[in-house]
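Notes follow once the structure below has been shown.
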Amino acid sequence: MIPVIERTMVAPNIHNLRLYAPDVARAARPGQFVILQVEDDGERIPLTLSDWDVEKGEITVVFIQVGATTGTLAALKAGDAIPTAAGPLGNPIEMGTFGTILLAGGCYGIASIYPMARELKSLGNKVIGVVEARSSFLFYWEEKLRSVCDQVFYITRDGTKGLKGHIDNLGSIISSIEGGIDRVIINGCNYVMMRGCEETRPLGIKTIVSLNTLMIDGTGMCGVCRVSIDGKTKFSCVDGPHFDGHLVDWNELSSRRQAYLREETITLRTSAPEN
Ligand code: FES
């Protein structure tokens with residue numbers, strides 16, 4: 001069993017979960033994920049490793065509460081335990097000294113970009129963070145992110161912090177950076193990544209996304225996570241989850257994400273507590 005050290009809500013419906021998983025912490029690299037199983041007979045869900053502490057043997061994931069399984073995760077408290085935290089899985093995101101890197105994150109993606117920004121900064125890159133949310137009260141980990149970025153831009157749909165609008169402000173942010181941007185990394189929901197890629201495509205900037213697919217085993221055996229990249233079939237778990245965002249078939253990805261929507265809705269309804 002994997003002990004829960006802490007579970008806190010960092011913004012409405014967004015939770016920070018710290019688990020004692022020393023083997024995962026020891027091997028974790030930026031951009032990798034774990035597959036959690038919350039109950040013995042429950043589904044398996046992939047969550048990006050957002051932080052880890054090798055000395056303490058801890059890992060941190062940040063997730064949004066959207067369905068029955070994340071609802072169960074959101075009810076965990078210190079001292080509880082879950083059956084499985086398998087990982088680290090997936091390929092680490094490519095690291096190196098590229099120049100000026102812009103990392104954009106929305107929702108749980110704000111936490112996902114943190115370890116990437118931390119390592120890119122330590123490798124001598126200039127690191128620009130861009131975080132987006134519907135409103136300013138949905139931001140979290142602001143201090144952590146600022147500590148590893150040279151500059152952080154905010155975008156809110158209601159204009160309560162930073163630029164008003166959506167991730168489509170990315171183009172104007174990039175244009176405002178003196179010396180330009182050498183590489184963009186976007187993490188968050190598929191819609192945010194797709195829209196962000198449409199901003200960087202005309203600018204010709206290499207843009208890496210971390211695909212958010214359904215997964216079962218996470219080791220290339222079930223085929224559930226397959227995606228089309230430049231017309232070729234890839235498995236997000238073993239070939240990714242990081243891909244060139246300009247080559248992703250976003251329409252296919254979003255329709256595959258909806259494949260079990262009916263079953264997910266029924267499970268959510270039947271698992272909801274009665275009033
Ligand atoms: Fe099964 Fe990727 S999750 S092949």
Side-chain angles (χ1 to χ4, degrees), residues 2 17 19 21 23-25 27-50 52 59-73 82-94 107-109 111-113 115-116 185-194 197 207-265 267-268:
I2 307 293
L17 178 66
L19 299 168
D23 291 343
V24 181
R29 301 286 302 126
Q32 290 188 296
F33 61 91
V34 279
I35 289 190
L36 301 187
Q37 199 171 0
V38 189
E39 293 166 312
D40 284 328
D41 56 354
E43 69 172 333
R44 297 156 58 85
I45 56 167
L47 295 171
T48 303
L49 285 160
S50 295
W52 51 89
I59 59 168
T60 300
V61 291
V62 170
F63 65 93
I64 181 162
Q65 185 182 347
V66 283
T69 301
T70 48
T72 308
L73 265 185
I82 60 170
T84 311
L89 296 167
N91 297 296
I93 195 161
E94 184 189 7
C107 192
Y108 56 85
S112 305
I113 60 173
M116 303 177 193
I185 294 170
I186 312 176
N187 269 227
C189 69
N190 289 333
Y191 181 74
V192 161
M193 292 190 286
M194 179 186 72
C197 286
T207 303
I208 308 296
V209 293
S210 297
L211 295 187
N212 163 21
T213 62
L214 299 176
M215 287 191 191
I216 295 179
D217 61 292
T219 58
M221 289 193 287
C222 70
V224 165
C225 68
R226 66 183 180 275
V227 290
S228 292
I229 309 294
D230 200 19
K232 298 184 189 72
T233 299
K234 299 281 180 188
F235 288 170
S236 183
C237 63
V238 289
D239 298 319
H242 314 287
F243 295 101
D244 182 333
H246 298 150
L247 303 179
V248 174
D249 183 337
W250 293 103
N251 289 335
E252 181 195 69
L253 179 64
S254 54
S255 72
R256 286 185 60 80
R257 280 287 309 173
Q258 312 282 321
Y260 297 104
L261 197 56
R262 185 173 166 276
E263 288 80 358
E264 285 171 12
T265 308
T267 310
L268 185 59

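Atom set for the values below is all heavy atoms of this structure, side chains included, hydrogens, waters and symmetry mates excluded. As the structure is a prediction and not an experimental result, all values here were calculated from the model. Numbering of ligands and ligand atoms starts at 1, following listing order.
- Those atoms of ligand 1 that come under 4.0 Å of a heavy atom in C237, given as number and element, are 2 (Fe), 3 (S), 4 (S).
- Atom numbering of ligand 1 starts at 1 in the shown order; those under 4.0 Å from a heavy atom of G218 are 1 (Fe), 3 (S).
- Tested against T69 for a side chain to side chain donor-acceptor pair (under 3.5 Å), the candidates E43, R44, Q37 yield a single pass: E43.
- No side-chain heavy atom of V248 sits less than 4.5 Å from a side-chain heavy atom of V227.
- Among S236, P241, P46, the single residue meeting the side-chain contact (heavy atoms from CB on, under 4.5 Å) criterion with T213 is S236.
- D217 contributes OD1 as its N, O or S atom closest to atom 1 (Fe) of ligand 1.
- Between W52 and V24 there is no side-chain heavy-atom pair separated by less than 4.5 Å.
- With a 4.5 Å cut-off on side-chain heavy atoms, C107 and V192 do not count as touching.
- Inclusion of C222 in the first shell of atom 1 (Fe) of ligand 1 is supported: an N, O or S atom falls under 2.8 Å.
- Of all the atoms in ligand 1, the ones that sit under 4.0 Å from a non-hydrogen atom of C225 are 2 (Fe), 3 (S), 4 (S).
- Annotation for ligand 1: atoms under 4.0 Å from non-hydrogen atoms of G220 are 4 (S).
- Checked by atom type, the side-chain pair S254/N190 shows no donor-acceptor distance below 3.5 Å.
- In plain terms, the two heavy atoms of Y108 and I64 that are nearest each other are CD2-CG2, 4.1 Å.
- Here is the list of ligand 1 atoms found below 4.0 Å of a heavy atom in M215: 3 (S).
- With ligand atoms numbered from 1 in the order given, ligand 1 contributes 4 (S) to contacts under 4.0 Å with heavy atoms of M221.
- In the vicinity of I216, heavy-atom distances shorter than 4.0 Å reach the ligand 1 atoms 3 (S).
- The G223 neighbourhood of ligand 1 comprises atoms 1 (Fe), 4 (S), with distances under 4.0 Å to a heavy atom of that residue.
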